[in-house]
Amino acid sequence: MEKIYKPHKYQAEFHKSDARFRCLIAGRRGGKSIAGTIEALYQSEKMAQVKRRPVKGWIIAPTYPMLKDVNIPMIMDWLPQSSIKEWNKQDHRLTLINGSEITFRSGEDPDRLRGIGLDWLWLDEACFMHKLVWDTIYPALSDREGIAWITTSPQGYDWVYNTFYKSAKEGNPDYNAWQYRTIDNPYINPEVVEKAKNELTEVMFRQEYLASFEKLSGLVYPDFDEKDHVVDVVEGDKDDLYFVGIDVGYTNPTAVTLIRETYDHTLYVVDEYYQTQKTIPEVVEAVKKLTQGKRIEAFTIDPASKGKDQTSEVSVEQLFRENGIPVIPGNNDVRAGIDMVTQLLKKDPIIGKPRLQIVRKCTNIIREFQNYSWKKYKEGDLSNKDEKPEKAFDHALDSLRYVVMSRPDWYERVQRDQTGQIIREPGQVLNSGDDDWEDDSFTIDNSEDYEKDVL
């Protein structure tokens, strides 16, 4: 059955524009990627008809996993099988019946994007790529007078803002830009947006859902307050679950957090280890002492621990395992992790308190919560363009973030009979954590004035 694409207002304006460089900026799930997909298919057919020859286009995403999970499936979903001549899986190149080519590339290594003439180019989630990606690929458009469009959520006042958005707003005829909120997508449930508003900090909500360019400044966790998040005792029972987060350092501290999850799924940081200039065997012994007598569901470590230890030819991760600590690499998506920790710091209406609590004796992670800050922004200083936190007061917080990002939603717990005897041991994962990476994919079935045919 043929699929019909009927865009909403901003998508339609984006498709109609004849500007050489276009920029579609929207909040999460604003329909950016599907608009970029339809535009790629449209240009692969219509441009070939105008130029009377096959055309070449590239789709670049921040990473290969994003290409694999989002861009390639979306193109294949909207492209009729009858229009495909060949799919080269090894080279990530799609050849159409009319001879036009669509090639998928990652922006992880800009130097590998050189040396080919292009008729069109699409950068998806461009704000999550380095400006070198655009600087490297832009000359490929020159000899064919190619066009380019980007689709993205904003990420501070970065190169996308200065190169595309600002040029469009200043009236450069080669550029056009559209900026709209998640809620402006008529196919999004407003309750989803309202939930995010209650879970994120105000500045992060404006950036992620209102598509606002923000200068991230001040504390990363402004919601942290000792009176709300620091406790003297943990209200739990003997069947609570335990997790360990490990951030390895040497000159910088090695930070280990012991996290207890109670029956209502509140996370308590109940103990910590925070020391500099310690070898891996010394750290291992400290972890064993910290966790003595407790059933640990998972030891989650910085994924960079796959690198070799300074004093041996073995990886840090392997050294932990050889010494009896079965570590698993954590998810190190910093911005997503900050979002999740921020959600846990918010007061949960169901239990009447935040779902993240720190036991008072854990003074190092409390100090880090009170000092962890965004990099200071200076006009014209490109070193701050990525709007990242300062690399300070982040070691214990990183170890916490690995656990928060990597643990399943909950584990099966001990089941006991009326006498307190164990009926079934814990261990089975009931529900794994959702991957909230945006794919912007949805089905449209209501009418609009503007409709673009697909191949």
Side-chain angles (χ1 to χ4, degrees), residues 27-29 32-33 60-71 106-109 123-130 133 151-156 158 160 182 196 199-201 203-205 207-209 214 216 220-221 223 243-248 255 257 259 267 298-307 317 327-346 355-356 365 368-369 372-375 384-409 431-440:
R28 291 187 185 182
R29 304 203 64 79
K32 305 180 297 296
S33 290
I60 302 178
T63 65
Y64 271 115
M66 182 177 174
L67 286 171
K68 178 183 176 182
D69 296 340
V70 180
N71 301 104
S106 163
E108 294 170 290
D109 186 355
L123 303 182
D124 194 19
E125 291 298 351
C127 284
F128 293 88
M129 298 183 230
H130 198 281
V133 172
T151 55
T152 190
S153 297
Q155 193 83 346
D158 61 355
V160 171
T182 299
E199 292 177 342
L200 300 178
T201 61
V203 66
M204 290 302 289
F205 177 76
Q207 175 172 277
E208 300 298 321
Y209 286 86
E214 296 288 334
L216 300 180
V220 173
Y221 297 115
D223 293 322
F243 301 86
V244 173
I246 305 171
D247 185 63
V248 180
T257 50
I259 298 168
L267 299 181
F299 294 86
T300 311
I301 196 169
D302 180 356
S305 64
K306 290 184 178 294
E317 180 181 299
V327 294
I328 58 173
N331 182 328
N332 199 24
D333 186 329
V334 177
R335 293 295 287 269
I338 288 172
D339 282 356
M340 290 192 70
V341 173
T342 297
Q343 293 173 25
L344 292 170
L345 291 173
K346 298 282 188 179
R355 289 194 183 271
L356 178 60
I365 195 169
E368 289 192 358
F369 265 117
Y372 191 37
S373 302
W374 298 106
K375 284 185 177 181
N384 295 326
K385 68 180 183 57
D386 293 329
E387 299 285 342
K388 293 180 179 179
E390 294 279 4
K391 284 299 297 175
F393 300 104
D394 61 348
H395 311 291
L397 289 176
D398 281 352
S399 67
L400 168 65
R401 181 167 50 79
Y402 301 145
V403 171
V404 169
M405 283 289 287
S406 303
R407 89 188 218 290
D409 292 341
N431 185 22
S432 61
D434 294 330
D435 181 1
D436 195 33
W437 181 260
E438 171 188 6
D439 67 7
D440 292 335

Minimum-distance pair of heavy atoms, taken over all atoms of [X] and [Y]:
{"X": "T152", "Y": "K32", "result": "O-CD, 3.1 Å"}
{"X": "Y372", "Y": "A392", "result": "CD1-O, 3.5 Å"}
{"X": "V133", "Y": "G107", "result": "CG2-O, 3.4 Å"}
{"X": "S153", "Y": "F128", "result": "O-CE1, 4.4 Å"}

(message) Taking ring-ring contact (aromatic ring centres under 6.0 Å, His included) as the definition, give me every residue that meets it alongside Y402, ordered by chain and number, with sequence neighbours left out.
(response) none
Apply salt bridge (charged side-chain N to carboxylate O under 4.0 Å, His left out) to [X] and list each qualifying residue two or more places apart in sequence or on a separate chain.
{"X": "E317", "result": "K306, R321"}
{"X": "D398", "result": "K391, R401"}
{"X": "K68", "result": "none"}

(request) For side-chain contact (heavy atoms from CB on, under 4.5 Å), just list the numbers for K346 and D223, CA-CA rounded to whole Å, side-chain angles, deciding distance to a tenth of an Å, and then say yes or no. (result) CA-CA 7 Å; K346 298 282 188 179; D223 293 322; 3.4 Å; yes
(request) Start with the C-alpha distance between M66 and D124, add both sets of side-chain angles, then the distance that settles side-chain contact (heavy atoms from CB on, under 4.5 Å), and finish with yes or no. (result) CA-CA 10 Å; M66 182 177 174; D124 194 19; 3.4 Å; yes
What's the spacing between [X] [atom1] and [Y] [atom2] if we round to 0.5 Å?
{"X": "D247", "Y": "T257", "atom1": "CG", "atom2": "OG1", "answer": "9.0 Å"}
{"X": "I338", "Y": "Q343", "atom1": "CD1", "atom2": "CD", "answer": "12.5 Å"}
{"X": "I365", "Y": "S399", "atom1": "CD1", "atom2": "OG", "answer": "5.5 Å"}
{"X": "L345", "Y": "Y221", "atom1": "CG", "atom2": "OH", "answer": "7.5 Å"}
{"X": "R355", "Y": "L344", "atom1": "CZ", "atom2": "CG", "answer": "9.0 Å"}
{"X": "Y64", "Y": "D109", "atom1": "OH", "atom2": "CG", "answer": "9.0 Å"}

(request) Show your working on side-chain contact (heavy atoms from CB on, under 4.5 Å) between E125 and T151 and close with a plain yes or no. (result) CA-CA 6 Å; E125 291 298 351; T151 55; over 6 Å; no
(request) Answer yes or no: is there a side-chain heavy-atom contact under 4.5 Å between Y209 and R28? (result)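 Yes. Closest side-chain heavy atoms under 4.5 Å.
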(message) Tell me whether D333 contacts the main-chain N or O of A336 through its side chain, where contact means a donor paired with an acceptor under 3.5 Å.
(response)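 A pair under 3.5 Å: yes.
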(request) Output all residues satisfying side-chain contact (heavy atoms from CB on, under 4.5 Å) with F393, sequence neighbours left out; order by chain, then residue number. (result) R367, E368, N371
(message) Applying side-chain hydrogen bond (donor to acceptor under 3.5 Å, both in side chains), can you list everything that pairs with S106, at least two apart in sequence or on another chain?
(response)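 E108.
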(request) Taking atom types as modelled, find out whether S406 and T300 have a side-chain donor-acceptor pair closer than 3.5 angstrom. (result)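 No donor-acceptor contact under 3.5 Å links the two side chains.
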(request) Please lay out, stage by stage, how F369 and V341 fare under the test side-chain contact (heavy atoms from CB on, under 4.5 Å). (result) CA-CA 11 Å; F369 265 117; V341 173; 4.1 Å; yes
